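Worth saying up front: this structure is predicted, and the values here are computed from it rather than measured.
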Amino acid sequence: MKTNILFANVEILQQTPIGNLIVVMSGSASDLEEALHYLQVAQVDVEIIDSGLLQNSKVGDPV
């Protein structure tokens, strides 16, 4: 799986990183699902901006 950061704005507030990243992730549907699940378990808020190019429409659905 490949991940490319298009934009990042991260600050440290009270020793906690807070900010936004815009990334493009590419890989198999199962790799993307696994990455999304990992982020959700790590309590990272994820918003899929454009999933129109995804072949598997279930990627990004709650897991």
**Message:** Within the 4.5 Å heavy-atom criterion, are Val24 and Leu6 side-chain neighbours or not?
**Reply:**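 Side chain of Val24 against side chain of Leu6, heavy atoms only: contact under 4.5 Å found.
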**Message:** With a 4.5 Å cut-off on side-chain heavy atoms, are Met25 and Thr3 touching?
**Reply:** yes
Provide the closest heavy-atom pair for [X] versus [Y] in the form atom of the first, atom of the second, distance.
X: Ala8; Y: Leu21; value: CB-CD2, 3.2 Å
X: Met1; Y: Asp31; value: SD-O, 3.8 Å
X: Pro17; Y: Val10; value: CB-CG1, 4.0 Å

**Request:** Please round to the nearest 0.5 Å and tell me the distance separating atom OG of Ser30 and atom NE2 of His37.
**Result:** 13.5 Å
**Request:** Answer with yes or no whether the hydrophobic clustering places Leu36 together with Tyr38; edges join I, L, V, M, F, W, Y residues whose side-chain heavy atoms lie under 4.5 Å apart.
**Result:**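 Leu36 clusters together with Tyr38.
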**Request:** Identify whether Leu32 and Ile5 are in the same connected component of the hydrophobic contact network (ILVMFWY, side-chain heavy atoms under 4.5 Å).
**Result:** yes
**Partners passing side-chain contact (heavy atoms from CB on, under 4.5 Å) against Phe7 (at least two apart in sequence or in another chain)** = Asn9, Ile22
**Item:** Working for side-chain contact (heavy atoms from CB on, under 4.5 Å), residues Gln40 and Val44
**Value:** CA-CA 5 Å; Gln40 290 171 336; Val44 174; over 6 Å; no
